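This report concerns only the one structure given below.
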Amino acid sequence: MRIATWNVNSLKARLPRVEEWLGYADADVLCLQETKLADKNFPTMAFSALGYDSAPHGNNQWNGVAIVSRVGIQGVTTGFGADTVDPYEGDARLVAANCGGVNVISVYVPNGREVGTEFYERKLVWLDLLHDWITVTYSPTDPVVVLGDFNVAPDDRDVWSTKTFEGSTHVTEPERERIRKLEEWGFVDTFRSLYPDDKLYSYWDYRRGDFHQHRGMRIDLVLATPAVADHVTWSVIDRNGRKGKQPSDHTPVIIDIDWP
DNA sequence: ATGGTAGCCCTGCTA
């Protein structure tokens with residue numbers, strides 16, 4: 001089974017690229033972030049024409065997530081549930097479903113803007129709530145994959161220049177601590193686990209020609225519990241998603257699992 | 001050089 005994640009920075013603007021990508025990437029499950037579409041505008045028909053069922057979660061022209069799957073989508077849920085006060089209430093940043101026996105969670109973690117702002121503080125709370133929601137919803141022995149745009153580079157290997165990002169969001173210790181807490185519960189960073197030394201990125205700022213200068217960050221993560229991670233046969237960051245005309249500023253991250 | 005680009009609609013704000 002092939003599972004992927006891609007922050008598309010507007011699915012409306014990126015649909016031709018996503019269709020093209022599905023045509024060659026052969027993904028069974030694709031998690032999307034920054035769809036920037038209300039559910040009523042989600043291109044369900046375009047995906048069903050390619051053989052995929054859709055589970056979109058979007059409120060308006062901002063943020064928005066989705067799962068599309070050709071191995072089934074069952075038990076779709078959105079957000080942290082009615083009993084939780086989401087510090088980014090009104091945004092659409094989490095959708096979960098069971099796809100072919102794997103519990104898949106597509107997340108778009110808040111950016112946080114600047115360290116010291118309320119947006120940054122709320123990002124940390126959001127990450128705490130993600131941890132809490134996962135730990136009450138699943139067991140570490142379940143097959144679970146939480147994947148998407150985490151807006152956190154887990155450690156210094158994951159940024160092109162530590163000096164450039166010093167004091168910025170995405171690299172602060174409190175943010176990284178939240179990722180480690182997810183790993184302590186049971187998640188494996190599947191890409192890093194396979195490639196301990198690779199300085200490869202999933203996001204490049206549109207400005208300054210950052211992509212072509214290899215000035216990026218690895219902030220799009222595929223975290224899997226051992227029930228899944230132990231079956232990973234291959235993982236890649238597909239740089240093709242960032243090449244050519246009208247690319248997103250993120251590129252897809254993929255895992256293959258040997259799955260029954 | 002505190003720059004630069006892309007996408008949203010609100011030609012400013014968010015990333």
Side-chain angles (χ1 to χ4, degrees), chain A residues 5-21 31-43 46 56-66 86-95 106-127 130 147-154 158-172 174-176 178-179 201-221 237 239-253:
Chain A
T5 181
W6 194 2
N7 178 324
V8 291
N9 185 22
S10 169
L11 184 55
K12 186 179 169 186
R14 218 67 61 205
L15 185 58
R17 300 265 323 211
V18 174
E19 291 173 313
E20 177 194 31
W21 187 83
C31 292
L32 299 165
Q33 299 85 35
E34 282 206 85
T35 53
K36 296 186 175 178
L37 287 174
D39 289 345
K40 63 177 164 60
N41 297 322
F42 193 87
H57 177 43
N59 297 326
N60 50 41
Q61 70 271 40
W62 305 117
N63 47 77
V65 289
D86 187 330
Y88 279 82
E89 195 68 54
D91 287 5
R93 296 181 175 276
L94 186 151
V95 60
S106 177
V107 293
Y108 176 43
V109 175
N111 173 288
R113 300 192 193 182
E114 301 277 344
V115 176
T117 64
E118 58 154 320
F119 298 96
Y120 172 78
E121 295 304 322
R122 282 154 55 192
K123 176 184 190 177
L124 298 179
V125 174
W126 198 94
L127 283 164
L130 175 64
L147 65 171
D149 179 359
F150 281 76
N151 271 316
V152 179
D158 300 312
V159 295
W160 71 274
S161 160
T162 52
K163 193 180 173 187
T164 297
F165 293 109
E166 208 175 314
S168 302
T169 58
H170 298 58
V171 301
T172 67
E175 291 166 283
R176 288 174 166 177
R178 288 352 189 243
I179 302 301
Y201 312 123
S202 63
Y203 161 81
W204 302 260
D205 197 298
Y206 281 121
R207 297 167 286 191
R208 298 174 303 254
D210 275 9
F211 175 64
H212 297 284
Q213 301 288 335
H214 198 56
R215 293 191 290 239
M217 313 176 89
R218 191 178 69 93
I219 56 177
D220 298 273
L221 310 177
I237 301 177
R239 288 172 53 87
N240 291 313
R242 189 61 167 79
K243 295 176 182 172
K245 287 190 162 103
Q246 293 183 288
S248 169
D249 43 358
H250 297 248
T251 207
V253 183

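The analysis underlying the following values was restricted to heavy atoms, covering all of them including side chains, and did not include hydrogens, waters or symmetry mates. Residue numbers begin at 1 in each chain, while the letters A, B, ... track the order of the sequences. What you are looking at is a predicted structure, and each value in this text was computed from that prediction instead of being measured.
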Nearest-Å distance once atom C1' is located in both dA6(B) and dT11(B): 15 Å
For DNA chain B, which nucleotides open and close the run of contacts to chain A, 5' to 3', at under 4.0 angstrom from a non-hydrogen atom? dG4(B) to dA15(B)
Counting the atoms with a prime plus P, OP1 and OP2 as sugar-phosphate, which does Arg215(A) contact under 4.0 Å by heavy atoms, base, sugar-phosphate, or nothing? nothing
Identified side chain to side chain contact (heavy atoms under 4.5 Å, CB included) partner of Val8(A) from the options Leu15(A), Asp249(A), Val18(A): Val18(A)
Considering only atom P, compute the distance from dA1(B) to dG12(B) and round it to an integer number of Å. 27 Å
Is the shortest side-chain heavy-atom distance between Phe150(A) and Ile219(A) below 4.5 Å? no
Walking DNA chain B from its 5' end, the first of Ala13(A) and Tyr88(A) to be reached, judged by nearest nucleotide, is Ala13(A)
If you count heavy atoms of other groups shown closer than 6.0 angstrom to CD of Glu114(A), is the number above 12? no
Nearest-Å distance once atom P is located in both dC9(B) and dG3(B): 27 Å
Please measure how far the C1' atom in dC10(B) lies from the corresponding atom in dT14(B), and state the result in whole Å. 13 Å
Output field: ring centroids Tyr201(A)/His214(A) closer than 6.0 Å: yes
First encountered from the 5' end of DNA chain B, between Asp149(A) and Arg208(A): Arg208(A)
With a 4.5 Å heavy-atom cut-off, do Thr169(A) and Glu175(A) have their side chains touching? yes
With a non-hydrogen cut-off below 4.0 angstrom, is Tyr108(A) in contact with a base, only sugar-phosphate, or nothing? sugar-phosphate
What about Trp160(A) and Trp204(A), are their ring centers closer than 6.0 Å? no
